[in-house]
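Structure first, then comments.
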Amino acid sequence: MKVLVVGGGGREHAIAWKLKQSPRITKLYCAPGNAGIADVAECVAVGAEDIEGLCKLAVEKEIDLVVVGPEVPLSMGIVDAMNEKGIRVFGPNAKCAQLEGSKAFTKAFLARHDIPTAGYQEFTEKEELLKAVGIYGYPMVIKADGLAAGKGVVIAENEEDAVKAIEEMMGDKIFGSAADKIVVEEYLSGIEASMLCFVDHNTIVPMESAQDYKRIFDGDKGPNTGGMGTYSPSLVFNDELQERIRTEILEPTLAGFQKDGLDFQGVLFIGLMITDNGPKVIEFNNRFGDPETQSVLARLDSDLLDIFEAVVDNKLAEQEIKWGERRAVTVVLASEGYPGSYPKGREITGLGDVDEDIVVFHAGTKFADDKIVTAGGRVLCVTATGATHDEARAKAFANVERIHFEGAQYRRDIGLINKH
Ligand code: AMP
Ligand code: GLY
């Protein structure tokens, strides 16, 4: 089978790396890919948001299955566009993609179907929102409704910070039209976990859980990023919690999709807060998480292509999905200045010095002559597996230290237990 992966980050590298292990793949393409993805797939210079160009590419290369990594093309309707042309594609259509594309849409869905989540209100007028500052007390959770590359959420500790965030979002429009609407939520305390699920029209199957580190600095300090590291499985999960998540969140979500005519096919990423009152949904994303995918797929023993096809054919219920006992830890190396502005084009060295059983997934890299240079905010994801969590963690950091580029930053506390 010929498969095209759309995207060019660490998540897409992990997807392509895992797909490449399938004996049924005859040719793997990635658009646009990056310098690391080029090891496992033929990279084609078509942007992940160039829907027309991607459709053309899929037809031209006679692609049997397209797998869409990032949220933006999903929200733009890549799946609908490809389906119209008879191209098989793994990912939710535009209607379902609103579950990530609009926080207000998801909050209304959760409320309508009695799925546990934080209380909320939505605002479209800056003046009204300024009057409502502190409605749920502090910290105040302020979210741009639309897509903002994982940076559209501000947890304001006091009134001054809240007003500043509102002015930036609705006055200066730092997220453009994504913050024309703002959702304000009750603050939930607890332990976060990411649960990625395969979903087709009839079935929802959770993958192994993961823990993400969203803030830029150690000890969960500094602004939110796309994710600075992960480990899998999450250490807070036990059978009782899994069962509560199944009955209180997964089953009502699938039933809600069916009731609302949301024909979801793809990956539903559920951001969970495990509170004293049980698990609650923080957010839905409609794609694999980045960098959750790197840790989660490193533990998958089944053929990922089989699973993707089962989803597309609505036969997920028949698909066996096997996970290894091994633990995984992923540490992200980011550019100086990230998540703010950052330089590009810095030479990366030491990629050849990592141990054989380590996978270095590339997030933002490209070739410059015969060198590999930085080309994004998140640059590399170093994923290690081990028989125990501590072994995986130690291996990840030992190898991170062998890779260099000027200004590289990474969190030292990824996978450190008791940090919460
Ligand atoms: P989101 O993009 O909605 O996942 O939000 C980004 C991050 O903000 C989450 O991973 C949480 O750490 C935090 N967050 C979002 N909503 C809440 C909430 N209601 N209470 C506490 N923390 C939250
Ligand atoms: N790591 C969080 C996300 O992919 O949204």
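Counting starts at 1 for both ligands and their atoms, in listed order.
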Pi-cation contact, Y338 with R378 (under 6.0 Å, within 45°): no
Any side chain to side chain donor-acceptor pair (under 3.5 Å) pairs touching residues 259-280, not counting sequence neighbours? R112-D260, H113-D260, Q265-N314
Run the numbers for me: atoms of ligand 2, each under 4.0 Å from some heavy atom of D212, listed by number. 1 (N), 2 (C)
What I want to know is whether K214 and ligand 2 share at least one N or O pair that is separated by under 3.5 angstrom. no
Is it the side chain, the backbone, both or neither of N285 that has a heavy atom closer than 4.0 Å to ligand 2? side chain
Has E192 got a side-chain atom pairing as donor or acceptor with I274's backbone, closer than 3.5 angstrom? no
With a 4.0 Å heavy-atom cut-off (strictly under), which part of E292 contacts ligand 2: side chain, backbone, both or neither? side chain
Any nitrogen or oxygen of G226, side chain or backbone, less than 3.5 Å from one on ligand 2? yes
One residue to check: F269. Relative to ligand 2, which of side chain, backbone, both or neither has a non-hydrogen atom less than 4.0 Å away? side chain
Mind checking the CZ-OG1 spacing from R411 to T225? Nearest 0.5 Å is all I need. 8.0 Å
With sequence neighbours left out, the residues meeting salt bridge (Lys or Arg N to Asp or Glu O under 4.0 Å) with D80 are none
Give me the pairs of N or O atoms, one from ligand 1 and one from the protein, that sit under 3.5 Å apart.
from	atom 1	to	atom 2	distance (Å)
ligand 1	2 (O)	K103	NZ	3.2
ligand 1	2 (O)	E283	OE1	3.2
ligand 1	3 (O)	K103	NZ	3.1
ligand 1	3 (O)	K143	NZ	3.0
ligand 1	4 (O)	E283	OE1	3.1
ligand 1	4 (O)	E283	OE2	2.8
ligand 1	10 (O)	E192	OE1	2.6
ligand 1	10 (O)	K214	NZ	2.9
ligand 1	12 (O)	E192	OE1	3.4
ligand 1	12 (O)	E192	OE2	2.4
ligand 1	16 (N)	K143	NZ	3.0
ligand 1	19 (N)	E185	OE1	2.8
ligand 1	19 (N)	E186	O	2.9
ligand 1	20 (N)	L188	N	2.8

How would you list, by chain and number, every residue that makes a side-chain contact (heavy atoms from CB on, under 4.5 Å) with K315, sequence neighbours excluded? D313, E318
Taking NZ, NE, NH1 and NH2 as the nitrogens, is one of them in E122 or K103 under 4.0 Å from a carboxylate oxygen of the other? no
As an exercise, identify every atom of ligand 2 less than 4.0 angstrom from a heavy atom of G289. 4 (O)
Ring-plane angle category for F361 and W17, please: parallel below 30°, perpendicular beyond 60°, tilted otherwise. perpendicular
Does a donor on one side chain and an acceptor on the other come within less than 3.5 Å for N399 and E401? no
Taking the six-membered ring of F90 as reference, does the NZ or CZ atom of R88 fall below 6.0 Å from its centre and within a 45° cone about the axis? no
So is R287 in contact with ligand 2, going by heavy-atom distances below 4.0 Å? yes
